[in-house]
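One structure is given here, and the rest of the page talks about it.
As a basis for the values below, the full set of heavy atoms in this structure was taken, side chains included, without hydrogen atoms, waters or symmetry mates.
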Amino acid sequence: MQMIDGLVLLAYFAGLLVIGARFSRQRRGGDDDFFLAGRSMHWFPVGLSIMTTAFNAVNYTGFSGEVFGHGLYVLLCLPVFFMVVLPVTRIIMPFYHRMGICSVYEYLEKRFDGSVRMLAAGLFIVWRIFWMATALYIPSSVMAHLTGWHPIVLTLVAGAAVTAYTAAGGMRAVMWTDVFQCFVLIGGLVFCLLFAVSQIPGGVGAIWRIAAEGSRLSPFYPFDWQIFSFDPHMRISLWSCWIGTMTAFLSRYGVDQTVVQRYFTARSLEQARRGFRLNILVAVASLLLLAAMGLAMYAYAAEHRLLGGIAARPLAYLTAFVNVLPAGTTGLIIAGLFAASMSSVDSGINSCSAVFITDFYSRFGNSEPAAGAYASKAASIVFGMAATVAACGVGRLGSIFEIANKVVNGLGSPLLALFILGMFSRRAGRRAVFWGGVGGILISVYVSFNITDLALHYYAVVNLLGTLGLCYLLSIVENWRSTGPGPAALAWTWTAHRQNARPVCSGPPDRHRGGD
């Protein structure tokens, strides 16, 4: 890296802090403003914020690295982005919108009881801290390779910056920095591709030819008929990709507080829907750019005879590729990598704080507005520090791609199972769902960390089915021994609640329901 690259990175971090400071002065106070931006956001920042929240450094390095190492099989997941639009915009969004909630896990108390709500909220916080730690570790690791600086120092700097602007400006700062980071991320990818094309004799045609010779255009050229295999042990097939990605997307867009919280910030349901559609278009375009980057990395490595000459890891090839970019472009690429990470981290900090304040602090702590405002900022600082400290040790747990998949597949599917049972099952009871959820978490962790010969995308499906099956079995036993869920609980199923279009404002939790 040269001095101009460092200046680009300094300008990037300065821009984030300026946005955070600006929206800190614009805050009007109260949890509704800090966590939901006063429910006043336009569809454009909502859409780009959803995209950058769900899109992270694992995508930035993992997606292009997957193409580099295995070809275009990961592109089989792209149609699922469009398949998920209908259930999210027509079922999930209207259902939440009518309740007027802040934390998505408030719903579980309405449908079941406080114990199920706190189980889900606690699971989300643990899941998201681990995820934020991974997201912080990735750009620091890449930059350590490029600069020779210690990765812990870089992690601490990035963690301090993201914690500062998130705690200062709340959700408005988070969402507008997400917009800024979206442009940085895509701009870095475009500049990287333009440079790669200019450095390879023959340009785009040569990249395509070299990728084809290295079988990196599979399964599309030559066409691989094995993608239609039903073998559950095949690494990626069309069916495992579609079914597994749909499961993961329903978890991401349906029950993940970091994403769902963006829906709640929109000024209307239609604004949230438009934002979600924008997110889909930008996400698909970004993944196509990353796939092209993976092909360009492979062509560059093959053209310069780097294949096999360095550690056989995509991250090593990425750092070698970035290291030869012209002055300024390297800084922009690293800024894009940080943007992909920090957009997930700032969202995670704010969402963990929202869940903690709404699902725990407001139930058992001080409910005064002044105390809540102080607690919101304090919680943001604590969660930011926790993620930063965890990031300093996350590299010891394995590869980035492996860590991310274990965390997402291990903990995302049980959360989805709780909401599916609440919305669509009339048999599911509160005790059965609580203990089935606990068992489902244990099952999911075991499957994700101990079963190694399953198709990559089927882990999320197996974990979902395991949790659903256990909860439903326990519900049968519970209903056999008692009268089952009462009318008040069943009123919060989707088929019953959709008939009432009047929004229900969430007030203080009903302490009499508790966790009994």
Side-chain angles (χ1 to χ4, degrees), residues 50-51 53-56 58-59 62 77 79-93 95-96 103-105 107-108 111 116-117 119-132 134-135 240-264 276 279-280 283 344 347-348 351-352 355 403-425 433 436-438 440-445 447-448 454-471 494:
I50 293 173
M51 181 268 172
T53 295
F55 190 97
N56 50 70
V58 175
N59 298 110
C77 73
V80 184
F81 278 93
F82 301 97
M83 296 178 192
V84 81
V85 170
L86 186 61
V88 170
T89 60
R90 296 299 170 183
I91 298 177
I92 294 174
M93 281 185 172
F95 186 71
Y96 292 150
S103 165
V104 68
Y105 309 114
Y107 163 69
L108 294 176
R111 174 60 178 86
V116 177
R117 172 182 176 177
L119 172 67
L123 173 60
F124 166 78
I125 289 175
V126 173
W127 174 29
R128 189 50 55 177
I129 288 177
F130 197 6
W131 182 249
M132 289 189 291
T134 305
S240 70
C241 195
W242 281 12
I243 297 172
T245 304
M246 176 62 81
T247 303
F249 280 8
L250 288 176
S251 298
R252 174 190 300 177
Y253 294 127
V255 303
D256 186 344
Q257 173 71 15
T258 56
V259 174
V260 176
Q261 195 171 337
R262 268 81 191 145
Y263 310 158
F264 302 156
F276 186 79
N279 148 71
I280 294 297
S344 294
S347 301
S351 297
C352 284
V355 168
I403 294 169
N405 274 284
K406 287 177 179 178
V407 172
V408 173
N409 292 331
L411 300 180
S413 292
L415 278 176
L416 178 61
L418 299 183
F419 280 82
I420 289 176
L421 289 166
M423 293 171 67
F424 301 109
S425 172
V433 169
V438 172
I441 293 170
L442 298 177
I443 291 172
S444 299
V445 171
V447 169
S448 297
L454 193 63
L456 186 63
H457 294 91
Y458 276 148
Y459 284 93
V461 180
V462 170
N463 294 338
L464 174 65
L465 294 177
T467 307
L468 285 174
L470 182 58
C471 289
W494 183 75

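- What you find for C471 and L421 is that their closest heavy atoms are CB-CD1, 3.2 Å.
- When every heavy atom of G412 is checked against every heavy atom of S251, the shortest pair comes out as O-OG, 3.5 Å.
- Between L415 and W127 there is a side-chain heavy-atom pair separated by less than 4.5 Å.
- Distance check: Y458 OH to L465 CG gives 11.0 Å after rounding to the nearest 0.5 Å.
- Of all the heavy atoms in N463 and I443, the pair that sits closest is OD1-O, 4.4 Å.
- In terms of heavy atoms, V259 sits closest to R252 at CB-O, 3.4 Å.
- Formation of a donor-acceptor pair under 3.5 Å by the T467 side chain with backbone atoms of G437 is not found in this model.
- Closest approach of G254 and V104 over heavy atoms only: O-CG2, 4.4 Å.
- When side chains are defined from C-beta on, S103 does not count as touching F124, because their heavy atoms never get closer than 4.5 Å.
- Between the CH2 atom of W494 and the CZ atom of R111 there is a distance of 15.0 Å, given to the nearest 0.5 Å.
- Side-chain atoms of Q257 do not come within 3.5 Å of backbone N or O of V355 as any donor-acceptor pair.
- Within the 4.5 Å cutoff, side-chain heavy atoms of M132 are placed close to those of C352.
- Put simply, the side chain of T247 reaches to within 4.5 Å of the side chain of S413, judged on heavy atoms.
- Looking at L119 and Y105, their side chains never come closer than 4.5 Å, going by heavy atoms from C-beta outward.
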**Message:** Go through it in stages, so that I can follow the logic: the residues are L464 and I420, the test is side chain to side chain contact (heavy atoms under 4.5 Å, CB included), and I'd like the CA-CA distance, side-chain angles, deciding distance and then a yes or no.
**Reply:** CA-CA 10 Å; L464 174 65; I420 289 176; 4.2 Å; yes

**Asked** What's the verdict on side chain to side chain donor-acceptor pair (under 3.5 Å) for S347 and T53, showing C-alpha distance, side-chain angles and the deciding distance?
**Response** CA-CA 6 Å; S347 301; T53 295; 2.8 Å; yes

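- Contact check for F419 versus I92: no side-chain heavy atoms found under the 4.5 Å cut-off.
- V260 has its side chain out of reach of V255: every pair of non-hydrogen atoms, C-beta onward, lies at least 4.5 Å apart.
- Among residues two or more places apart in sequence or in another chain, the side chain to side chain contact (heavy atoms under 4.5 Å, CB included) test is passed with V80 by M83, W242, T245, M246, F249.
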**Request:** For the pair R117 and Y107, evaluate side chain to side chain contact (heavy atoms under 4.5 Å, CB included) and give the outcome as yes or no after the intermediate values.
**Result:** CA-CA 8 Å; R117 172 182 176 177; Y107 163 69; over 6 Å; no

**Request:** Run the numbers on Y263 and Y96 for ring pair (Phe, Tyr, Trp, His ring centres under 6.0 Å), then give the verdict.
**Result:** CA-CA 9 Å; Y263 310 158; Y96 292 150; 7.4 Å; no

**Prompt:** Under the side chain to side chain contact (heavy atoms under 4.5 Å, CB included) criterion, do F130 and I125 qualify, and how do the steps go?
**Reply:** CA-CA 9 Å; F130 197 6; I125 289 175; over 6 Å; no

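- R262 contributes no side-chain N or O that, together with a main-chain N or O of I50, makes up a donor-acceptor pair within less than 3.5 Å.
- Contact detail for L123 and P414: the closest heavy-atom pair is CD2-CB, 4.4 Å.
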